[in-house]
Q: 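Quick one: structure below, then a few questions.
FYI, side chains are in, hydrogens and waters are out, and symmetry mates aren't considered; it's all heavy atoms of this structure. Sequential numbering from 1 along the given sequence is applied to the chain's residues.
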Amino acid sequence: MTQTLIRAGWVLTAAPDDSTTPAAIRDGAVLLDGDRIAAVGTFAELSAAHPDAPVRGGAYDIVTPGFVNTHGHFSEGLITGIGSQYTLWEWLTALIGRVNPVMTREKAYAGTVLQGIQLLRSGVTTANDMFCADPMPDEPATPGVVQALEDLGLRGVVSFGSGDVDRDFGATPILEEFEALREAADASRYSTFRVGVSSIGRYTDDTWQEHVDYAVAGGHGVHVHFHEVREEVTAARQRTGRTAIGHAEATGMFQVPVIAAHSVWVDREDRERYATNGVGVAHNPVANGILASGIAPVAELRALGVPVGIGVDGPASNDSQDFLQAMKTAALLARVRDLQATAMSAREAFEMGTIGGARALRMEQEIGSLEPGKRADLVVFDGDSPTLANVHDPYQAVVFVAGSREVRDVWVDGELSVADGDVTKVDVREAVDRARPLARQLVAEAGLERLSALTGGALDDTERP
């Protein structure tokens with residue numbers, strides 16, 4: 001195995017309290033051995049013990065675990081920054097409902113590469129994604145996501161989200177897309193599979209149950225949207241007599257690991273259901289703000305022991321794929337919600353972005369912290385940048401001060417996916433050139449010309465769907 005010693009002024013390990021690895025190490029270093037972390041300690045100790053290991057990083061840098069993006073939609077990769085005048089249900093009708101039927105594998109690949117570059121540049125090493133589209137039986141679209149992640153060197157937890165309540169295809173084509181995605185993920189280096197469940201309102205009762213049964217029978221985790229907006233809670237109660245979370249519990253979904261995106265409108269009983277069933281939550285502060293969905297009760301969930309991670313959400317709802325921006329916003333919204341500067345500290349936001357996200361995905365044994373034996377996924381922040389010239393508190397420096405420009409290196413599985421600020425495994429210019437005509441084509445096929453300046457649409461369109 002090839003060893004590399006990563007040096008830093010601060011190593012923030014995100015190791016839990018019961019770990020033998022300190023949470024923060026001054027003048028520290030991380031020893032990589034192939035695709036694993038071999039040791040974490042002071043630079044003096046590790047350099048003396050491993051004098052032949054090449055050294056990367058510097059005495060003023062900050063090293064962190066790779067960030068875990070717990071929720072996103074690569075299916076929106078070609079429609080960033082469009083339709084911001086809509087709240088969620090309007091947005092689903094005016095934009096996403098039109099895009100879903102015209103997605104292809106080529107568009108899936110191009111959009112994933114484009115947005116994956118942005119995730120990597122903001123320090124993300126694992127992306128939990130739900131590709132939302134209509135199933136494509138002749139050529140399933142989702143293997144394009146897996147191929148893009150392989151080409152990028154970005155770890156992915158991949159799922160497919162569709163629904164049949166307003167379609168005539170039923171559950172079978174969706175399950176066939178599941179199988180195509182699962183097979184692609186099983187054959188890949190970086191990806192693992194989960195069952196995608198878009199939201200309760202997208203499914204007939206039979207198809208919902210078939211999704212649950214498929215997950216339970218195969219032992220697959222589930223990636224689902226729950227209670228993003230208040231209207232969803234009301235609609236679920238009217239239809240099933242329960243909240244969507246209560247319905248999921250009653251129909252057996254919580255027999256397998258579940259990560260629930262959003263969870264903005266969760267009452268005490270549903271929060272307790274999460275805690276009882278070990279459900280993880282993906283908090284999406286920027287997207288929830290753009291779509292005016294509300295602020296999730298993160299403090300209440302964490303107080304119950306619910307693992308909460310941070311998500312950037314989709315490129316059409318965030319619209320940025322900058323994880324550092326989402327992590328900072330998570331802390332800011334918690335403070336605004338409670339009107340208390342102590343509502344969420346920088347360190348708490350940092351932990352949600354790292355080990356908290358790994359716990360929410362039940363991947364904490366492999367990723368999320370810098371501890372010996374774990375995957376060699378880490379981020380190096382440039383301590384020689386003007387932004388990080390003076391680090392008084394390294395957690396505040398990462399969460400409140402640094403931006404993607406300060407991300408110098410990103411290691412995934414012991415390989416550099418970003419080196420000196422540039423992605424290493426794909427050509428950025430080629431990715432941009434590939435995406436532009438496909439975005440124009442997608443806008444035309446979906447009938448979104450009035451929303452997009454790419455095809456001469458109005459820049460200040462305020463029309464409702």
Q: So, does Q238 use its side chain to make a donor-acceptor pair with the main chain of A235 at under 3.5 Å?
A: no
Q: Do NZ/NE/NH1/NH2 and the carboxylate oxygens of R189 and E415 come within less than 4.0 Å?
A: yes
Q: Any side-chain to backbone donor/acceptor pair from E348 onto S345? Under 3.5 Å, distance only.
A: yes
Q: At their closest point, which heavy atom of G309 faces which heavy atom of T70, and how far apart are they?
A: C-OG1, 3.5 Å
Q: Decide, yes or no, whether a salt bridge links R237 with D267 under the criterion of side-chain N to carboxylate O below 4.0 Å.
A: yes
Q: Any carboxylate oxygen within less than 4.0 angstrom of a Lys/Arg side-chain nitrogen, looking at E366 and R36?
A: yes
Q: Indicate whether the side chain of H71 and that of H73 have a donor and an acceptor atom separated by less than 3.5 Å.
A: yes
Q: F323 and F67: aromatic ring centres closer than 6.0 Å?
A: yes
Q: Mind checking ring-ring contact (aromatic ring centres under 6.0 Å, His included) for F254 and listing every partner two or more places apart, or none if nothing turns up?
A: none
Q: Looking only at side chains, do Q118 and D322 share a donor and an acceptor under 3.5 Å apart?
A: no
Q: What distance separates R359 CZ from M352 CE, expressed to the nearest 0.5 Å?
A: 12.0 Å
Q: Please report the shortest heavy-atom distance between R271 and V266, naming the atom on each side.
A: NH1-O, 2.8 Å
Q: With no hydrogens and no angle check, is any side-chain donor or acceptor of Q396 less than 3.5 Å from a backbone partner on A346?
A: no
Q: Donor-acceptor check, side chain of N277 to backbone of R273, threshold 3.5 angstrom: yes or no?
A: yes
Q: Distance only, no hydrogens: is a donor on one side chain within 3.5 Å (strictly under) of an acceptor on the other, for Q209 and Y214?
A: no
Q: Could you check whether D164 and T207, counting side-chain N and O atoms only, form a donor-acceptor pair closer than 3.5 Å?
A: yes
Q: Would you say the side-chain atoms of S263 and Y274 include a donor-acceptor pair closer than 3.5 Å?
A: yes
Q: Output, in order, the C-alpha distance, side-chain angles, deciding distance and verdict of side-chain contact (heavy atoms from CB on, under 4.5 Å) for E249 and I245.
A: CA-CA 6 Å; E249 182 181 54; I245 295 168; 5.9 Å; no
Q: For residues L448 and L95, report the shortest heavy-atom separation together with the two atoms involved.
A: CD1-CD1, 3.5 Å
Q: Between D151 and K425, is there a salt bridge with N-O shorter than 4.0 Å?
A: no
Q: Could you tell me whether R230 atom CZ has more than 12 heavy atoms of other residues or ligands within 6.0 Å of it?
A: no
Q: Where the side chain of R121 meets the backbone of V423, is there a donor-acceptor pair that is under 3.5 Å apart?
A: no
Q: Show me the donor-acceptor pairs, under 3.5 Å and distance only, between side chains in residues 293-300 and residues at least two apart or in other chains.
A:
| from | atom 1 | to | atom 2 | distance (Å) |
| --- | --- | --- | --- | --- |
| E300 | OE1 | R337 | NH1 | 3.4 |
| E300 | OE2 | R337 | NH1 | 3.3 |
| E300 | OE2 | R337 | NH2 | 3.1 |

Q: Test your reading of the model: is there a side-chain donor-acceptor pair from Q115 to the backbone of G77, 3.5 Å cut-off?
A: yes
Q: Could you report the tightest heavy-atom contact between M253 and V258, atom names first, then the distance?
A: O-CG2, 3.6 Å
Q: If you compare all heavy atoms of P16 against all heavy atoms of E371, which two are closest, and at what distance to 0.1 Å?
A: CD-OE2, 3.6 Å
Q: We want to know whether W208 and T251 form a side-chain donor-acceptor pair, criterion being a heavy-atom distance below 3.5 angstrom.
A: yes
Q: Just jot down the salt bridge (charged side-chain N to carboxylate O under 4.0 Å, His left out) partners of E351, sequence neighbours excluded, or say none.
A: R347
Q: Give a yes or no on this: more than 12 heavy atoms of other residues, nucleotides or ligands lie within 6.0 Å of atom CD of E106.
A: no
Q: Kindly check if the number of other-residue, nucleotide or ligand heavy atoms within 6.0 Å of CZ (R405) is above 12?
A: no
Q: Under 6.0 Å between the ring centres of H262 and H283?
A: no
Q: If we ignore angles and hydrogens, is there a donor and acceptor under 3.5 Å between the side chains of R242 and H247?
A: yes
Q: Report yes or no: does E177 contribute a side-chain atom to a donor-acceptor pair with the main-chain N or O of M136 at less than 3.5 Å?
A: yes
Q: Tell me the closest heavy-atom pair linking Y203 and G196, and the distance in Å.
A: OH-O, 4.0 Å
Q: Can the ring centroids of F178 and H211 be said to lie less than 6.0 angstrom from one another?
A: yes
Q: Does S317 use its side chain to pair, donor to acceptor, with the backbone of D313 at less than 3.5 Å?
A: no
Q: Are the side chain of S417 and the backbone N or O of G153 linked by a donor-acceptor pair below 3.5 Å?
A: yes
Q: Under 3.5 Å, side chain of D35 to main-chain N/O of D413, donor-acceptor pair present?
A: no
